[in-house]
Each structure stands twice: as C-alpha cells, then as structure tokens.
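The block underneath contains the structure these notes are about, expressed in structure tokens.
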Amino acid sequence: MMGKRGETGVVNYQSVVRGDELILVVNQSPIEFSTNAKIETHTSKGYYATFTTTTVTKLNEVFLQSQVVRINSTNGSMSNALQLDGKDFYPMGSFPAMFTPDAIFFTGREKGPKGKVITVARVDL
C-alpha cells in the first residue's frame with residue numbers, strides 16, 4: 001500500500017498474464033486528489049420555451065497512485081514494486097494501465113490536478 005493509512009484506498013486492480021508471470025497493477029486513490037466537476041446552470045424564459053444552459057468549468061478527473069509488480073507463478077517470487085505515486089507522475093483515469101506486448105502505458109499529469117498537460121508514461125516489460 002502507498003500513502004498513509006486511511007488516506008488512500010484500493011480503487012481497483014488490472015492484470016495481465018505473460019507466460020508464467022502475472023503482471024499486476026494496483027490503483028489507489030489519494031483523498032486529497034478528489035476533484036468534482038464544477039457545474040453552473042442558467043435558465044432563461046423565451047416567448048415559446050424555457051432555455052437551460054449548463055456550463056462545466058472543471059472536469060471530474062480521477063487521479064491515482066499505481067503500483068506495478070511481477071509475480072512468477074513457477075517459483076512464487078515477486079519483483080520489487082514500481083510505484084507511480086506522484087513524485088514524478090500521477091496516473092489518471094479509472095483504469096489507467098494500458099497493456100501492450102512489450103510495455104504498460106499510463107496516462108496522467110506530472111503535477112496531478114495542478115498540471116495542464118496530459119502525458120503518457122511507459123513501463124517496459
């Protein structure tokens with residue numbers, strides 16, 4: 001587990017099996033990164049109809065901390081955990097890991113909710 005006890009919880013996990021290895025990605029959600037959508041609604045009445053305009057000024061984004069481990073089913077060994085815990089990069093999205101034959105890609109932001117650019121991190125398998 002990453003973070004202090006009670007500050008994060010496991011949201012989900014993603015996995016893929018490659019030969020005799022299980023590659024597991026555990027995703028946790030830090031409480032301080034909960035971002036709710038900011039929605040403003042304006043209603044005006046016309047001669048024949050009522051018009052409602054909804055403006056979303058902040059997206060509902062999900063930022064996570066992710067941990068990647070390899071588990072060998074033949075000998076029961078486990079690799080050291082690679083943590084994407086926000087020191088350099090915050091994964092975003094409900095299921096951030098995208099598995100390819102030779103890597104795992106994560107979308108996210110370098111500075112979490114304060115970042116402006118969405119980037120992609122690659123973890124080679």
Side-chain angles (χ1 to χ4, degrees):
M1 299 290 285
M2 294 173 283
K4 295 178 184 174
R5 182 175 231 164
E7 291 183 2
T8 61
V10 173
V11 176
N12 60 47
Y13 68 91
Q14 297 171 263
S15 62
V16 66
V17 175
R18 299 275 164 83
D20 59 353
E21 286 189 327
L22 168 69
I23 300 163
L24 179 67
V25 176
V26 178
N27 300 305
Q28 295 177 252
S29 179
I31 292 171
E32 69 269 15
F33 285 160
S34 297
T35 59
N36 296 320
K38 185 187 262 186
I39 300 171
E40 296 176 7
T41 304
H42 176 72
T43 303
S44 61
K45 293 188 179 200
Y47 189 70
Y48 291 106
T50 300
F51 299 96
T52 301
T53 305
T54 303
T55 304
V56 179
T57 56
K58 180 180 173 185
L59 296 178
N60 187 17
E61 296 177 325
V62 177
F63 290 94
L64 301 171
Q65 294 175 330
S66 297
Q67 182 169 278
V68 181
V69 294
R70 287 174 169 234
I71 301 169
N72 187 307
S73 63
T74 302
N75 60 21
S77 65
M78 185 172 83
S79 70
N80 291 333
L82 170 66
Q83 294 185 351
L84 302 170
D85 57 1
K87 291 181 180 154
D88 297 313
F89 180 80
Y90 285 99
M92 65 185 291
S94 297
F95 295 92
M98 295 174 282
F99 296 96
T100 66
D102 58 347
I104 306 171
F105 291 91
F106 291 87
T107 56
R109 296 184 196 257
E110 290 182 2
K111 298 178 182 177
K114 297 176 185 174
K116 301 293 181 201
V117 178
I118 295 175
T119 58
V120 176
R122 177 184 171 134
V123 176
D124 291 326
L125 297 177

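Not measured: the values here are computed from a predicted model. These numbers come from the heavy atoms of this one structure, side chains and all, not from hydrogens, waters or symmetry mates.
In this view, A81 and Q67, V69 satisfy the side chain to side chain contact (heavy atoms under 4.5 Å, CB included) rule, not counting sequence neighbours. Residues satisfying the side-chain hydrogen bond (donor to acceptor under 3.5 Å, both in side chains) criterion with S44, sequence neighbours excluded, are absent altogether. Applying the side chain to side chain contact (heavy atoms under 4.5 Å, CB included) test to L125 and every residue at least two apart in sequence or in another chain returns R18, I23, R70, I104.
Cluster membership check: F63 does not share its hydrophobic cluster with F95, using side-chain heavy-atom separations under 4.5 Å among Ile, Leu, Val, Met, Phe, Trp and Tyr. Hydrophobic clustering places Y13 together with V17 (ILVMFWY residues linked when any side-chain heavy atoms are closer than 4.5 Å, directly or through intermediates). Residue L22 is grouped with residue M78 when hydrophobic side chains (ILVMFWY) are merged at heavy-atom distances under 4.5 angstrom, including chains of intermediate members.
A donor atom on one side chain and an acceptor atom on the other are found under 3.5 Å apart for S66 and N27.
In the displayed structure, D20 atom CG is contacted under 6.0 Å by more than 12 heavy atoms of other residues, nucleotides or ligands.
Distance OG1/T54 to NE2/H42: 11.0 Å, rounded to 0.5 Å. Atom CD of E21 and atom OG1 of T74 lie 9.0 Å apart (nearest 0.5 Å). Here the straight-line distance linking atom CZ of F105 with atom CZ of R122 works out to 4.5 Å at 0.5 Å rounding. Interatomic distance, CD1 of I71 versus OG of S77, reported as 9.5 Å (0.5 Å rounding). Rounding to the nearest 0.5 angstrom, the gap separating the CZ atom in F106 from the OH atom in Y90 is 15.5 Å. Summarising the geometry, atom OG belonging to S94 is positioned 7.5 Å from atom CG belonging to L64; distances are rounded to the nearest 0.5 Å.
The two residues F89 and T107 make their nearest non-hydrogen contact at CZ-C, 3.7 Å. Residues Q14 and A97 approach most closely at NE2-O, 2.9 Å, considering heavy atoms. In this structure, D85 and Q65 approach most closely via the heavy-atom pair O-NE2, 3.4 Å.
Looking at D124 and D102, their side chains never come closer than 4.5 Å, going by heavy atoms from C-beta outward. Residues I118 and R109 form a side-chain contact, since some pair of their non-hydrogen atoms from C-beta on lies under 4.5 Å apart.
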